[in-house]
Number of protein chains: 4
Amino acid sequence: MRFFSDNAAAVHPKVMEAIAGANRLDTAYDGDSLSARLDGAFSDLFETEVRAFWVSTGTAANCLALAALCPPYRGILCHRDAHIEVDEAGAPGFFTGGAKLMLLEGAGAKLSPETVAAACDRIRPDVHQVQPAVLSITNATEYGLVYRAGEVTALGRLAQERGLAFHMDGARFANALATTGDSPADVTWRAGVDALSFGFIKNGGLNAEALIVFRPELADEIAVRRKRAGHLLSKGRFLAAQILAMLDDDLWLANARAANAAARVVAEAAPERLTYPVEANEIFLKLNADEADGLRAAGFDFYDWGPGEIRLVTSWDQQGEEIERLASAIRAL
Amino acid sequence: MRFFSDNAAAVHPKVMEAIAGANRLDTAYDGDSLSARLDGAFSDLFETEVRAFWVSTGTAANCLALAALCPPYRGILCHRDAHIEVDEAGAPGFFTGGAKLMLLEGAGAKLSPETVAAACDRIRPDVHQVQPAVLSITNATEYGLVYRAGEVTALGRLAQERGLAFHMDGARFANALATTGDSPADVTWRAGVDALSFGFIKNGGLNAEALIVFRPELADEIAVRRKRAGHLLSKGRFLAAQILAMLDDDLWLANARAANAAARVVAEAAPERLTYPVEANEIFLKLNADEADGLRAAGFDFYDWGPGEIRLVTSWDQQGEEIERLASAIRAL
Amino acid sequence: MRFFSDNAAAVHPKVMEAIAGANRLDTAYDGDSLSARLDGAFSDLFETEVRAFWVSTGTAANCLALAALCPPYRGILCHRDAHIEVDEAGAPGFFTGGAKLMLLEGAGAKLSPETVAAACDRIRPDVHQVQPAVLSITNATEYGLVYRAGEVTALGRLAQERGLAFHMDGARFANALATTGDSPADVTWRAGVDALSFGFIKNGGLNAEALIVFRPELADEIAVRRKRAGHLLSKGRFLAAQILAMLDDDLWLANARAANAAARVVAEAAPERLTYPVEANEIFLKLNADEADGLRAAGFDFYDWGPGEIRLVTSWDQQGEEIERLASAIRAL
Amino acid sequence: MRFFSDNAAAVHPKVMEAIAGANRLDTAYDGDSLSARLDGAFSDLFETEVRAFWVSTGTAANCLALAALCPPYRGILCHRDAHIEVDEAGAPGFFTGGAKLMLLEGAGAKLSPETVAAACDRIRPDVHQVQPAVLSITNATEYGLVYRAGEVTALGRLAQERGLAFHMDGARFANALATTGDSPADVTWRAGVDALSFGFIKNGGLNAEALIVFRPELADEIAVRRKRAGHLLSKGRFLAAQILAMLDDDLWLANARAANAAARVVAEAAPERLTYPVEANEIFLKLNADEADGLRAAGFDFYDWGPGEIRLVTSWDQQGEEIERLASAIRAL
């Protein structure tokens with residue numbers, strides 16, 4: 001049983017159906033009738049006019065946004081454990097043309113306004129030191145913590161004061177909202193967010209993420225950058241179809257709720273072992289090597305997270321029985 | 001009836017089946033069991049050990065190869081009408097970090113050894129002028145002409161003499177081979193080609209192209225560059241599945257033959273109007289504005305190619321009847 | 001006797017004096033009292049408020065300007081023989097992060113509004129083709145022709161209509177103005193020029209060129225880019241000193257007049273051999289190989305400019321007698 | 001009296017003489033007779049065959065070396081306080097095309113083999129994480145500490161084991177050697193260093209630093225990169241002249257000894273206030289705000305280094321009397 005990553009999960013049947021349904025001739029690139037519906041669908045969801053771009057990976061979504069928000073000679077404030085720093089092979093440096101990630105601390109990969117302000121204050125405002133241009137946060141974080149609307153708003157206010165654009169990596173945006181109940185609008189543009197990488201792939205999609213841009217004036221540049229990065233697929237209708245299927249009847253939210261519920265079941269099996277509160281679909285547990293071996297021997301697959309700690313990730317498609325067996329196994333350690 | 005571009009065509013049913021069949025949990029990125037079969041499958045096809053990478057677009061395939069072959073401070077010799085120059089939004093400049101495309105002439109977007117040699121000779125070998133590092137050709141060309149193995153070999157020999165790496169944009173590689181009957185090996189590595197963008201999307205695929213690397217020592221760098229460009233999909237198994245389906249029983253060749261045959265039927269309808277010989281699945285016709293309007297009024301969609309000229313592209317899925325109607329309509333002009 | 005390039009000429013004594021005079025402790029970088037005078041000095045010269053940056057090479061001046069004016073995903077329209085295309089080792093690609101030079105034709109390396117407009121018209125306004133962002137001209141051109149204020153104004157008007165920024169490479173700006181008598185203002189910002197590389201090194205300076213920015217809002221970015229490119233010298237006062245010495249009493253104009261006058265003497269020796277009118281300090285002559293050998297044997301050094309053509313460049317410091325001897329030698333051929 | 005930075009110091013008279021002496025016509029760029037002597041002069045100094053390049057700034061020297069040693073998709077291990085990280089405006093990101101600086105800790109900005117090894121061990125060797133390619137140290141460090149030959153050798157051995165190239169930022173290389181007495185060879189190539197930025201500007205030069213390359217196969221690439229970065233000055237002879245003057249009779253060492261001696265006098269005035277041992281020409285002192293004000297009121301200029309700490313830097317030209325007055329003033333606090 002695989003609790004390694006939601007990246008490896010199956011694609012939701014409705015998404016597969018949508019892909020099959022898109023297999024008819026249409027205009028190439030994003031000129032098709034499905035792609036044409038994206039801006040409207042997301043504008044409805046976010047209760048404001050937005051521009052939406054499908055891309056094939058979260059890395060592409062993040063880095064196209066960062067490239068549009070940060071000139072090559074400035075910097076991006078983010079957490080030391082942010083995906084853009086740790087797991088994207090330096091893609092932000094590539095897409096921006098050499099902008100600098102400026103790494104901040106914070107428990108559970110969360111940033112506070114105080115930390116961001118202090119980091120800005122340490123930088124001499126001269127040409128010798130790289131000046132920050134963007135603040136980027138991940139919601140839910142790489143440790144499965146969520147930012148609530150109020151927290152994002154506080155960061156957004158600070159970003160504005162300091163002249164920073166504000167980017168949210170929402171690879172697990174659905175999981176965050178499934179927990180907080182915040183509206184998509186409240187946790188993004190109303191809180192000052194300029195661009196959001198809205199993840200669908202970990203949540204039942206195949207190869208479609210959405211880059212949502214809340215400042216329409218950025219859209220033309222992003223469209224060109226997407227093409228230039230080789231991310232304008234000629235049969236884009238198959239990506240649009242996936243996203244529309246996920247938005248339909250809030251499938252994205254239902255899937256995220258399922259994954260989060262599974263994670264809570266696991267978390268409740270061993271609250272004393274948790275190294276972070278479980279607020280989304282990731283569970284970090286203290287487990288010694290023998291215990292980890294035992295769990296693996298029982299058929300569970302997961303990620304070692306440094307010595308004495310493991311990471312489990314639940315997916316939208318993880319069955320009740322499978323989860324119960326995992327919870328029991330952990331309880332039995 | 002759409003003769004606008006093979007980019008917009010439907011996906012082949014066997015490819016759709018393969019996608020559906022891949023929808024089970026597997027390791028993420030390219031660690032899955034399908035991706036693991038690619039190197040072997042292409043090594044068989046090319047009769048030598050190759051490394052194969054799935055990517056989502058031809059632009060990505062081309063530019064990852066070019067970035068691995070060309071340092072940022074050197075140049076890429078290509079035809080003035082090459083896709084990398086004309087239709088990739090400057091992606092080669094982005095992926096290489098600023099390398100220069102050096103534009104050559106040649107009828108039908110074909111390059112000859114003489115043209116390439118003359119271009120090299122015009123460059124002063126000093127630090128003030130950009131020195132070429134790569135020769136890139138497109139097969140079939142942007143005007144639907146094919147390079148035969150002997151022609152590629154002559155270019156490959158020149159490339160070697162001049163210290164140039166050799167890249168082939170094979171967005172329509174299948175169409176070229178369907179015409180020439182050359183073996184994949186003879187028209188690539190045996191002719192000196194270092195890397196091939198092997199197109200499947202125009203030929204019945206959904207979002208999977210293959211970048212084939214004939215110099216295994218380049219593979220590690222390309223793997224990193226693919227990730228860094230946001231082109232390492234987390235559910236890569238769905239791309240591998242498409243490519244394997246296309247390779248199975250030479251579906252790629254069957255599809256290309258069908259498209260080429262359709263093009264020949266159209267070409268034979270008006271040989272006196274052809275501006276280039278029809279050697280693959282593209283037909284360029286002299287047509288005045290009235291004639292073009294008439295053809296459109298009859299329900300045919302195509303691309304205006306400058307004043308008095310149109311481009312028609314046939315696809316693997318274009319029906320016999322549809323083609324006959326187009327041929328008749330052209331004959332009737 | 002060296003007529004190879006004005007690049008190799010000696011430094012004017014007043015510039016050497018200014019360097020010696022700057023050798024006292026002062027604030028580093030451009031915080032010194034001499035650098036502080038540059039903006040004012042050039043604002044006086046150009047009759048408007050400008051921002052001026054010293055840099056060590058024309059390549060740096062050109063490419064810092066281009067990087068500020070052209071995003072990485074757009075293009076720079078310039079002549080096929082422009083220095084930025086031919087002799088800067090791809091520096092525009094490096095500084096801009098991969099922007100594309102779009103090469104235009106024109107006799108004597110001059111561009112006309114018609115040529116520029118036609119080039120713009122050939123580009124499809126979509127994301128697949130690189131859109132131009134900047135027009136760059138060289139004055140005097142690489143063939144020693146000058147743009148008069150009216151000509152620049154016509155180009156500037158077109159640039160504005162097409163949404164293009166306008167850059168002038170003025171490596172030999174002084175030579176151009178010495179010929180036309182135009183005011184610095186008329187041939188730059190009044191004609192629509194946004195940034196000028198104002199050359200001093202070929203004209204008696206040691207290592208100081210000035211980048212003049214007519215849109216003050218670009219200045220902060222250029223200051224950062226200069227530092228980031230390693231072009232913010234710690235003892236910048238020595239560069240400022242040179243430029244101030246060149247501006248003092250219009251030494252820059254006097255030197256250019258001397259060089260131009262020398263060129264005219266040579267040109268008049270063989271008007272029938274000229275391949276371009278001599279409007280600045282470069283002379284292009286038809287000379288067969290024997291004649292060229294003869295001239296070299298007589299002690300004159302110059303550049304072969306393709307078969308049957310040579311280039312001679314005169315400098316501010318070329319003596320009357322030396323010039324007369326060259327003129328006689330040419331006359332005697 | 002200025003103890004702000006050695007960057008602002010005067011140029012040594014012998015260097016000024018050399019500049020004056022170079023003011024005759026010679027071949028442009030680095031084709032002149034003085035530039036031609038650099039490789040030999042440095043090969044003698046380093047007791048092996050090296051390639052030497054003049055450049056105008058330390059940033060250019062550092063970043064040209066790093067660009068040649070580190071591909072855009074890899075990383076450079078350096079101290080958190082390294083000049084390349086803190087004071088070069090992101091130039092490493094620009095020159096390398098987006099490579100990542102990986103920041104390490106260490107007292108006084110010194111790195112130990114243990115720290116470097118631990119940093120390497122923390123990086124997963126996969127395509128998701130940026131892999132390091134270069135180790136860069138500064139000698140003397142940004143806090144005025146020196147690496148002795150044995151220390152560099154230990155780092156060099158580790159670099160080799162880990163497959164890292166090894167770069168030394170020697171903006172104050174002379175000051176380091178003046179203290180350690182190590183031979184230039186022992187502290188560089190014999191210890192495994194691949195490229196050295198050999199600083200002259202802080203030590204009596206005007207605008208000439210030398211980039212010394214101990215792996216001759218890198219030289220051609222660096223020559224092209226220098227041109228491409230706008231750092232190939234047309235009158236390069238004036239830079240070569242400065243460097244040759246500095247090498248003549250070991251003026252570089254004499255100047256550094258003078259600056260170091262001055263620093264020691266100051267340090268001995270208040271050993272209990274030193275926050276770092278004074279091993280070169282920088283002195284970091286604990287001083288409260290009142291004391292700092294007092295010192296400034298007495299005519300001494302320096303840099304505030306965070307609350308309660310100041311930095312003083314001595315230069316080659318600082319007079320005995322001036323130094324004594326500073327020492328007395330500090331003693332008197």
Side-chain angles (χ1 to χ4, degrees), chain A residues 1-2 4-13 15-16 19-20 22-29 31-32 55-64 87-95 97-98 201-202 205-207 224-239 315 317, chain B residues 1-2 4-13 15-16 19-20 22-29 31-32 55-64 87-91 93-95 97-98 201-202 205-207 223-239 315 317:
Chain A
M1 285 151 292
R2 189 65 70 93
F4 195 90
S5 169
D6 37 6
N7 262 335
V11 176
H12 193 278
V15 172
M16 293 303 286
I19 291 172
N23 194 18
R24 51 178 190 277
L25 186 129
D26 200 338
T27 302
Y29 303 109
D32 61 279
V55 284
S56 293
T57 61
T59 296
N62 285 337
C63 294
L64 289 172
D87 275 307
E88 301 192 352
F94 175 51
F95 279 78
I201 296 174
K202 294 175 193 290
L206 194 157
N207 69 326
V224 175
R225 287 187 181 271
R226 179 174 62 170
K227 169 68 192 177
R228 178 173 165 88
H231 281 286
L232 181 63
L233 274 61
S234 59
K235 299 181 182 173
R237 58 192 183 273
F238 291 98
L239 278 70
S315 301
D317 63 345
Chain B
M1 285 151 292
R2 189 65 72 92
F4 195 89
S5 169
D6 37 7
N7 261 335
V11 176
H12 193 279
V15 172
M16 293 303 286
I19 291 173
N23 194 17
R24 50 179 191 277
L25 185 130
D26 201 338
T27 302
Y29 303 108
D32 61 280
V55 286
S56 293
T57 61
T59 296
N62 285 336
C63 293
L64 288 173
D87 275 307
E88 301 193 352
F94 175 50
F95 279 77
I201 297 174
K202 293 176 194 288
L206 195 156
N207 70 325
V224 174
R225 287 187 181 271
R226 178 173 64 169
K227 169 67 192 178
R228 178 173 165 87
H231 281 287
L232 181 64
L233 274 62
S234 60
K235 298 180 182 174
R237 58 192 183 273
F238 291 99
L239 278 71
S315 301
D317 63 342

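In what follows, every chain begins at residue 1, and chains take the letters A, B, ... in the order their sequences are listed.
- Proximity to chain A is absent for every atom of Phe4(B), based on heavy atoms less than 4.5 angstrom apart.
- The backbone N or O of Ile201(B) lies less than 3.5 Å from a partner atom in the side chain of Lys235(A), making a donor-acceptor pair.
- For the options Gly31(A), Pro13(A), Ala89(A), heavy-atom pairs under 4.5 Å to chain B are most numerous at Ala89(A).
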Under the criterion side chain to side chain contact (heavy atoms under 4.5 Å, CB included), I'd like the reasoning laid out for Leu239(A) against Ser56(A): C-alpha separation, chi angles, the key distance, then a yes or no.
CA-CA 8 Å; Leu239(A) 278 70; Ser56(A) 293; 3.9 Å; yes
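- If you tally non-hydrogen atom pairs under 4.5 Å between each of Gly90(A), Ala61(A), Gly97(A), Ala60(A) and chain B, the highest count goes to Gly90(A).
- From Asn7(B), atom CG reaches atom OG1 of Thr27(A) across 11.5 Å, with rounding to the nearest 0.5 Å.
- Interface remark: Arg237(B) contributes side-chain atoms only to the contact with chain A (heavy atom separation under 4.5 Å).
- Interface remark: Leu64(B) contributes no atoms to any contact with chain A (heavy atom separation under 4.5 Å).
- For the pair Asn23(A) (side chain) and Val11(B) (backbone), a donor-acceptor distance under 3.5 Å is present.
- Nearest heavy-atom pair, Cys63(A) versus Pro92(A), reported as atom, atom and distance to 0.1 Å: SG-N, 3.5 Å.
- Ranked by heavy-atom pairs under 4.5 Å with chain A, the first of Leu206(B), Val55(B), Val224(B), Asn62(B) is Leu206(B).
- Chosen from His231(B), Arg2(B), Lys227(B), Arg24(B), the residue pairing most often with chain A at heavy-atom distances under 4.5 Å is His231(B).
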